[in-house]
Amino acid sequence: MSRAEPVGGARREALLGRYRELVLRELPRRAREGRWVVTNDHCFGRIVLDHAVAGRWYDVLDRRRSPAFAQLSDEQLAGAVALAERVLAEGDPLLRELDAQSLAWRGKPPKPVPTQR
């Protein structure tokens, strides 16, 4: 870090790194182990980004500029990381709620709840 870099820059870089770690690795791994409703990293990205912007992320962020999460404001990014951490802690029940809302913003029905055998 250079002396000219603002203090907030280091925090933002840490948040970006944590977002990547959660969405690309930790959440998909935990989801596969626990057989959660969502297991793919891009689906976690959709859900977390949608909730960070309170709607379809691509209505707010430029889908041509990648990665989309880097376009979030500092406040939105911190909220996205906090939400992803919460999903990691609470698991499938919370993820189902968040996924249902994300799908509703897209005009799609929620995924069915699996029946117990």
Short question: side chain of D92, backbone of V37 - any donor-acceptor pair under 3.5 Å?
yes

Going by heavy atoms in the side chains, are F44 and L22 under 4.5 Å from each other?
no

Any salt bridge linking R29 with E33? Criterion: basic side-chain nitrogen under 4.0 Å from a carboxylate oxygen.
yes

Enter the distance from L95:CG to I47:CD1 here, rounded to the nearest 0.5 Å.
5.0 Å

Kindly indicate whether the side chain of L98, heavy atoms from C-beta on, has any atom under 4.5 Å from the side chain of L94.
yes

For R106, enumerate each residue passing the side-chain contact (heavy atoms from CB on, under 4.5 Å) test, keeping only those at least two apart in sequence or located in another chain.
R46, D50, R56, W57, Y58, S102, K108

May I ask you to decide if L77's main-chain N or O and R12's side chain share a donor-acceptor pair within less than 3.5 Å?
no

Mind checking whether R30 and V87 have side chains closer than 4.5 Å, heavy atoms only?
no

Would you check if H51 and W105 make a side-chain contact, meaning some heavy-atom pair closer than 4.5 Å?
yes

Is a donor on one side and an acceptor on the other found under 3.5 Å between the side chain of Q76 and the backbone of S73?
yes

Please determine whether a side-chain nitrogen of the Lys or Arg among R18 and E13 lies less than 4.0 Å from a carboxylate oxygen of the Asp or Glu.
no

Using modelled atom types and a 3.5 Å cut-off, is there a donor and acceptor pairing between side-chain atoms of Q71 and backbone atoms of R65?
yes

Verify same cluster id: V23, L83 (apolar side-chain graph, 4.5 Å)
yes

Any R96 side-chain heavy atom under 4.5 Å of W36 side chain:
no

Residues L72 and A52: closest non-hydrogen pair is CD2-CB, 4.1 Å

Are V38 and K111 packed together at the side-chain level, in the sense that at least one heavy-atom pair is separated by less than 4.5 angstrom?
yes

Return the CZ to CG distance between R11 and L16, rounded to the nearest 0.5 Å.
11.0 Å

From L49 atom CG to F69 atom CZ, the distance as rounded to the nearest 0.5 Å:
8.5 Å

Validation row: V48, Y19 side chains within 4.5 angstrom (heavy atoms):
yes

Can you tell if the side chain of D41 reaches within under 4.5 Å of the side chain of L27, non-hydrogen atoms only?
no

Taking the side chain from D62 and the backbone from R64, do they hold a donor-acceptor pair closer than 3.5 Å?
yes

